[in-house]
Amino acid sequence: MINKIVLAMGVLRLLSGSIEIFAALLMLRLNQVDKALVVNSSLALVGPLILISTTTIGLVGISDKLSMGKFVWVLAGVTCLMVGILKK
């Protein structure tokens, strides 16, 4: 039996991949650089949201196994990732 948390994380990643493929097909269909850039820019919102959601679900799944100190380190790491991704 598949763990519910692992299933949720996998489904989110499949959804993310499907959105990426759809966006690529849309860019090809639009066949204009400016419109493709808009589609690509909108993906910049989806990626971090999926990252945060998947990480949150995973952390909830292992929260009983993590000490508070380790939990703080994981949150600090995710924060650094988000700053690196979103900072322009």
Side-chain angles (χ1 to χ4, degrees):
M1 186 81 188
I2 295 178
N3 186 318
K4 291 178 186 178
I5 292 174
V6 174
L7 178 64
M9 292 172 74
V11 167
L12 275 175
R13 283 297 169 189
L14 284 171
L15 176 66
S16 175
S18 299
I19 291 170
E20 294 273 345
I21 290 170
F22 176 75
L25 292 173
L26 184 61
M27 285 183 215
L28 293 171
R29 174 96 167 109
L30 293 172
N31 198 28
Q32 293 180 5
V33 175
D34 56 338
K35 291 181 181 178
L37 190 57
V38 170
V39 172
N40 190 59
S41 298
S42 65
L43 286 175
L45 295 172
V46 174
L49 289 176
I50 296 293
L51 172 68
I52 291 170
S53 301
T54 306
T55 304
T56 301
I57 291 170
L59 287 174
V60 167
I62 63 168
S63 62
D64 59 333
K65 299 174 187 171
L66 284 181
S67 67
M68 185 53 101
K70 287 182 181 181
F71 195 73
V72 168
W73 278 112
V74 170
L75 288 176
V78 172
T79 302
C80 289
L81 279 171
M82 295 309 299
V83 167
I85 290 169
L86 298 176
K87 187 156 182 153
K88 295 184 181 197

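Just the heavy atoms: all of them, side chains too, but no hydrogens, waters or symmetry mates, feed the values below.
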I'd like a table of donor-acceptor pairs (distance under 3.5 Å, sequence neighbours excluded) in which one partner is a side-chain atom from residues 59-71, with atom names and distances.
residue : atom : partner : partner atom : Å
Ser63   : OG   : Val60   : O            : 3.0
Ser67   : OG   : Lys70   : N            : 3.3

Task: Residues that, via side-chain heavy atoms closer than 4.5 angstrom, fall in one hydrophobic cluster with Leu25 - done: Ile21

Open item on the list: Nearest 0.5 Å, please: how far is CD1 in Ile19 from CG in Leu26?
Closed with: 12.5 Å

Open item on the list: Within this structure, what is the CD1-CG distance for the pair Ile2 and Leu7, rounded to the nearest 0.5 Å?
Closed with: 6.0 Å

Kindly list each side-chain donor-acceptor pair under 3.5 angstrom involving residues 40-52, sequence neighbours excluded, with atom names and distances?
residue : atom : partner : partner atom : Å
Ser41   : OG   : Leu37   : O            : 2.8
Ser42   : OG   : Val39   : O            : 2.6

Task: side-chain contact (heavy atoms from CB on, under 4.5 Å), paired with Met9, selected from Leu14, Asn3, Thr55, Thr54 - done: Thr54

Open item on the list: Taking atom CZ as the centre, does Arg13 end up with more than 12 heavy-atom neighbours from other residues, nucleotides or ligands that are less than 6.0 angstrom away?
Closed with: yes

